[in-house]
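Just so it is clear, the structure is predicted and the values come from calculations on it, not from any experiment. Just the heavy atoms: all of them, side chains too, but no hydrogens, waters or symmetry mates, feed the values below. Residues: numbered from 1 along the sequence shown.
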Amino acid sequence: MSDFEQFHCDFYQSNYTIDDQEENLYGSRKSQTGENPPTGAFALSEKLLFPQSYTGQILQPMYSPDTLSHLSYADGFDEEPPLLEELGINFEHIWQKTLTVLNPMKPADGSIMNETDLTGPMVFCLALGATLLLVGKVHFGYVYGMSAIGCLAMHALLNLMSIPGVSHGCVASVLGYCLLPMVMLSSSAVIFSLQGTLGTLLALFIIGWCSLSASKIFTSALAMEGQQLLIAYPCALLYGLFALLTVF
């Protein structure tokens, strides 16, 4: 044998055998099963398996402060007002205002009429333009333009005549709701022509109806007793413009 082979055998020679390895392996397992585990490791495993101790009863869960705050926050949604009420749309008030306009002799409720509700006026202006469109008159721009100018003029006039004053939204709401009889006049123009004696008399009646309803609501909302005729005159001029659009 050469020197290189002799060096190779001496270098890798060892007394360690496979039996010794198995012995050490089995001995370590026995020591692990026989000895008690450390206390810290057992406590750590308990924390991992049971993060919180349950102190409640069966079918009676335990609530933490975070859970109670979350539940109170969730119950708050049930106490919120409906979406339509948040948007300012109240169908009961709309119906009451419509009945007040349709019956000029009925006393108006000033607390309801003082609200800035523009849902009904927008619907009535759109209905007036739509009925005029059925006759062949495209006057949507005239309807909205005259409504805006009339609201600004009436707002300035009422602020000069009344002590408490009035807002733009209240004026627009009252004038828009009182436009409902004018919608009836434009609807009748679809059935028969208004260019005649009957149409003129009907238009004058509708103008008086609209101006009487508007002046009654303004005097009730602004506490302007004895000034209804003074308010009815400019209202009649405004609704007379809408009547001219409908008749001619």
Q: Answer yes or no: is there a side-chain heavy-atom contact under 4.5 Å between Thr200 and Val247?
A: no

Q. Quick one: do Ile94 and Leu179 end up in the same hydrophobic cluster if we chain Ile, Leu, Val, Met, Phe, Trp and Tyr together by side-chain heavy atoms under 4.5 Å apart?
A. yes

Q. How many angstroms lie between atom CG of Leu118 and atom NE2 of His168, to the nearest 0.5 angstrom?
A. 12.5 Å

Q: Please examine the side chains of Leu157 and Pro234, heavy atoms only from C-beta on, and report whether any two atoms are closer than 4.5 Å.
A: yes

Q | Minimum heavy-atom distance Ser186-Thr246, with the two atoms named | A | CA-CG2, 3.5 Å

Q. How long is the span from the OG atom in Ser215 to the CD atom in Gln228, to the nearest 0.5 Å?
A. 4.0 Å

Q) If Ile, Leu, Val, Met, Phe, Trp and Tyr residues are connected whenever their side-chain heavy atoms lie under 4.5 Å apart, and connections chain through other members, are Val123 and Phe140 in the same group? A) no

Q: State whether the number of non-hydrogen atoms from other residues, nucleotides or ligands found under 6.0 Å of Leu99 atom CG is greater than 12.
A: yes

Q. Closest heavy-atom contact between Cys178 and Tyr239?
A. CB-OH, 3.1 Å

Q: Decide whether Leu160 and Leu152 are clustered together by the hydrophobic rule: side chain heavy atoms of Ile, Leu, Val, Met, Phe, Trp, Tyr closer than 4.5 Å, transitively.
A: no

Q: Quick one: pull up CG in Leu229 and OG1 in Thr219 and give me the separation to the nearest 0.5 Å.
A: 10.0 Å

Q) Just wondering, do Leu132 and Tyr142 contact through their side chains at under 4.5 Å, heavy atoms? A) no

Q. If we only count heavy atoms from C-beta on, is the Thr100 to Lys216 side-chain gap below 4.5 Å?
A. yes

Q) Mind checking whether Val183 and Leu212 sit in one hydrophobic cluster, side chains of I, L, V, M, F, W, Y counted as touching below 4.5 Å? A) no

Q | Atom pair CE/CG of Met182 and Leu245 - distance to nearest 0.5 Å | A | 9.5 Å

(Q) Rounded at 0.5 Å granularity, tell me how far OG in Ser213 sits from CG in Leu102. (A) 8.0 Å

Q | Minimum-distance pair of heavy atoms, taken over all atoms of Ile231 and Met161 | A | CG1-CE, 4.1 Å

Q | Which atom of Val101 lies closest to which atom of Pro181, heavy atoms considered | A | CG1-CD, 4.0 Å

Q) In Å, rounded to the nearest 0.5 Å, how long is the span from CE of Met224 to CG of Leu158? A) 6.0 Å

Q.
side chain to side chain contact (heavy atoms under 4.5 Å, CB included), that's the test. Do Tyr233 and Leu237 meet it? Break it down for me.
A. CA-CA 6 Å; Tyr233 176 70; Leu237 294 178; 3.9 Å; yes

(Q) Phe242: which residues meet the ring pair (Phe, Tyr, Trp, His ring centres under 6.0 Å) condition with it, sequence neighbours left out? (A) none

Q) At their closest point, which heavy atom of Lys97 faces which heavy atom of Ser173, and how far apart are they? A) NZ-OG, 3.9 Å

Q) Does the side chain to side chain contact (heavy atoms under 4.5 Å, CB included) test come out yes or no for Phe124 and Thr98, once each step is laid out? A) CA-CA 11 Å; Phe124 294 153; Thr98 304; 4.3 Å; yes

Q | Short side-chain to backbone donor-acceptor contact, Asn159 and His155, under 3.5 Å | A | yes

Q: Using the side-chain contact (heavy atoms from CB on, under 4.5 Å) rule, pick out the option among Cys151, Cys210, Pro121 that qualifies with Leu175.
A: Cys151

Q: Apply side chain to side chain contact (heavy atoms under 4.5 Å, CB included) to Ile207 and Leu185, showing your working.
A: CA-CA 10 Å; Ile207 292 172; Leu185 180 64; over 6 Å; no

Q) Hey, any chance Phe192 and Leu201 share a hydrophobic cluster, counting ILVMFWY side chains that come within less than 4.5 Å of each other, even indirectly? A) no

Q. Of the non-hydrogen atoms in Ser188 and Leu202, which two are nearest, and what is the gap between them?
A. OG-CD2, 4.0 Å

Q) Does a side-chain heavy-atom distance below 4.5 Å link Asp117 with Tyr177? A) yes

Q) Parallel, tilted or perpendicular: which describes the rings of Trp209 and Phe205, with under 30° parallel and over 60° perpendicular? A) tilted

Q | Of Ile149, Val166, Val174, Val171, the residue whose pairing with Met154 passes side-chain contact (heavy atoms from CB on, under 4.5 Å) | A | Val171

